[in-house]
Amino acid sequence: MAIGIKDKVAIIGMGCTRFGELWDKSSEDLIVEAYKEAAQDAGIEIKDIDAAWYASCFEEVNVGRGGIPLARALKLPNIPVTRVENFCTSGTEAIRGACYGVASGACDVALALGCEKLKDTGFGGLPDLGTGEESKFYYPNITAPGMFAQVANAYFAKYGLSREEGKKILARISLKSHQNGAMNPRAHLRRVPSLDAIINAPVIADPLGLFDCCGVSDGAAAAIVVRADMAKDFRPDPVYVKALQISLTPATGIGHQSWDGAHFESTRVPGVKAYEEAGIKNPREEINLMEVHDCFSISELVTYESLQISPMGKGGVDVENGFYDLDGKIPCQSDGGLKCFGHPIGASGIRMAYEIYKQLQGKAKPEERQLKSNPRLGLTHNHGGICGSLVCSVAIFGNES
Amino acid sequence: MEDYYFYDRVGRIKSFTSDRLAFSMDPPAMYGLIDFDEGGRLYLDITDCDLDSLKVGSPVKMSLRRRYTDKRRGTYAYFWKAVPILEKGE
């Protein structure tokens, strides 16, 4: 294996707007707000930035194509600005671009920023995202909840769970994220429904109900990356990048019977590579907190297992034992997750890194959200596309070099 | 390479859903991954059934159905859909 990114670069500043239905803010407003917080946090100015990577998934929705929206909003002075888009991993792709740029020596200070204005579509759910291979003439009209609903049904069947047993586990996952989101003033959804209300909510795509689905939001998030050896010139508590992995499947899952439909091979592979890159031997013991791609509750459950934190088929046991709760062994979605913090796609991977960064520094706000366990290593996970044909990112961050 | 036909082969439901968000002329849209007994897998619409009759592992047969209608231009598109094979008495 290649040497990898471990301890070559560090994050010295981050920003994240409130996520939600931000009718009174344009994408430019959100970009500026996320950038300002990050720049102030890092103690840098626009002239210090050598290059920028900009993530947005739906350029059609009031954000714009290419790197121009970012360059224009921030008045970046004739530097390289690259737009990245790779479904729901777009934000992590921007971090990856900035980190690789800095690690290569091509730039000293790089900006990664993601922004999305999804509420401007005027409808719920996401605009259509073609992946190329499916013809509308013969493929079912597959939606995102419909895709993950199938994973739920395949998972329930594989592990002998009734619909009621399965839905109860999923509801417990969403309840935990609502409890965390309610404590976070920047989260999109801040009410805590009862377990019964979650289980009995209207069905979107069977067996998934309304509360199994994440918020679709407006928002932006930003990170400033420098070489690791420069980091302490900016601040005493930088956060070091330990692993950055992106992986795409060859889509065999949707055309070949080798995929069981109940795990994410697309997550397992980059997870293994990320642990190796970061020097982690036993992720269940060494990872201290996680932000995983909980676009749907079943996605979070199956991700616990595919990341080898929970044993296969036993994720529900950990869920019911509170293993992933804010006061559990590995708090997951401590900021509310996609479920409640919200999911402006291009910003989401960076928003996850923001939460890990703040928790690793001991600076999560308000203070009652800060983990008392002195976390050292945090993991972020995104995936998108079609189940069986997903793009997935796994990143690991640490507060010690 | 020889042509290989799936239309008369039995498939089994690997995963399924009944989707109320997806556009459908006859909502909710039901679809899933179908595994053919002699190999092969395809995402297909599932029709002529209700949600309660769908189970992972239950058999389906192929049926050629209209999938797309454009009345203004008078064009129609057809494709195969999966129809559950019901036991007698169901």
Side-chain angles (χ1 to χ4, degrees), chain A residues 123-126 128 131 133-163 166 201-210 212-213 216 251-262 296 298 302 386-389, chain B residues 4 6-7 9-47 49-58 60 62-70 75-82:
Chain A
F123 54 83
L126 296 175
D128 191 40
T131 52
E133 79 267 34
E134 310 97 33
S135 164
K136 301 296 179 204
F137 287 102
Y138 67 87
Y139 236 67
N141 292 331
I142 299 172
T143 66
M147 246 170 21
F148 282 91
Q150 292 182 69
V151 175
N153 280 325
Y155 184 94
F156 295 173
K158 177 163 183 171
Y159 296 110
L161 299 168
S162 68
R163 185 177 179 280
V203 168
I204 304 295
D206 200 89
L208 303 181
L210 181 65
D212 291 302
C213 307
V216 175
T252 39
I254 54 175
H256 193 270
Q257 297 184 10
S258 53
W259 182 48
D260 65 1
F296 302 95
I298 183 66
V302 173
I386 289 185
C387 294
S389 174
Chain B
Y4 183 92
F6 285 93
Y7 64 84
R9 298 187 192 259
V10 171
R12 285 176 201 280
I13 294 173
K14 181 66 187 174
S15 65
F16 64 92
T17 188
S18 160
D19 187 335
R20 297 174 191 217
L21 185 64
F23 171 77
S24 170
M25 293 290 281
D26 180 23
M30 284 186 277
Y31 53 86
L33 272 180
I34 304 301
D35 282 353
F36 292 90
D37 283 359
E38 290 143 287
R41 170 179 281 187
L42 192 60
Y43 261 124
L44 286 167
D45 285 315
I46 306 173
T47 194
C49 61
D50 54 33
L51 178 61
D52 292 339
S53 65
L54 300 184
K55 299 273 182 301
V56 170
S58 57
V60 296
M62 296 298 105
S63 179
L64 188 68
R65 297 298 174 95
R66 188 182 288 179
R67 269 219 87 234
Y68 169 89
T69 303
D70 184 340
T75 58
Y76 305 91
Y78 295 81
F79 197 67
W80 298 90
K81 294 187 180 184

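Heavy atoms only: backbone and side chains are in, while hydrogens, waters and symmetry mates are out.
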Should Arg67(B) and Asn141(A) be marked as a side-chain contact (heavy atoms from CB on, under 4.5 Å) after you check the CA-CA gap, both sets of side-chain angles, and the distance that decides it?
CA-CA 11 Å; Arg67(B) 269 219 87 234; Asn141(A) 292 331; 4.0 Å; yes
Quick one: [atom1] on [X] to [atom2] on [Y], what's the gap to the nearest 0.5 Å?
{"X": "Asp45(B)", "Y": "Tyr139(A)", "atom1": "CG", "atom2": "OH", "value": "11.5 Å"}
{"X": "Lys55(B)", "Y": "Asn153(A)", "atom1": "NZ", "atom2": "CG", "value": "10.0 Å"}
{"X": "Asp206(A)", "Y": "Leu54(B)", "atom1": "CG", "atom2": "CG", "value": "9.5 Å"}

What are the two closest non-hydrogen atoms of Trp259(A) and Lys14(B), and how far apart are they?
O-CE, 4.0 Å
Examine distances only and state if a side-chain atom of Arg20(B) and a backbone atom of Pro202(A) form a donor-acceptor pair shorter than 3.5 Å.
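No: the side chain of Arg20(B) does not pair with the backbone of Pro202(A).
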Do side-chain atoms of Gln257(A) reach the backbone of Phe36(B) as a donor and acceptor pair under 3.5 angstrom?
yes
Quick one: what part of Ile142(A) sits under 4.5 Å from any heavy atom of chain B, side chain, backbone, both or neither?
both
Heavy-atom cut-off 4.5 Å, strictly under: side chain, backbone, both or neither for [X] against chain A?
{"X": "Ala29(B)", "answer": "neither"}
{"X": "Ile13(B)", "answer": "neither"}
{"X": "Leu33(B)", "answer": "both"}

Heavy-atom pairs under 4.5 Å with chain A are the metric here; pick the option from Ser15(B), Pro28(B), Gly57(B) that has the most.
Ser15(B)
Between chain A and each of Ser18(B), Ala22(B), Ser24(B), count heavy-atom pairs under 4.5 Å; write down the option with the most.
Ser18(B)
Going by ring pair (Phe, Tyr, Trp, His ring centres under 6.0 Å), name the residues that satisfy it together with Phe16(B), two or more places apart in sequence or in a different chain.
none
Quick one: list whatever passes side chain to side chain donor-acceptor pair (under 3.5 Å) with Asp19(B), sequence neighbours left out.
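Partners of Asp19(B) by the side chain to side chain donor-acceptor pair (under 3.5 Å) criterion, ordered by chain and then number, come out as Thr143(A), Tyr31(B).
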Chain B contacts, top residue of Gly255(A), Ala154(A), Ala262(A) (heavy-atom pairs, under 4.5 Å):
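Top count of heavy-atom pairs under 4.5 Å with chain B: Gly255(A).
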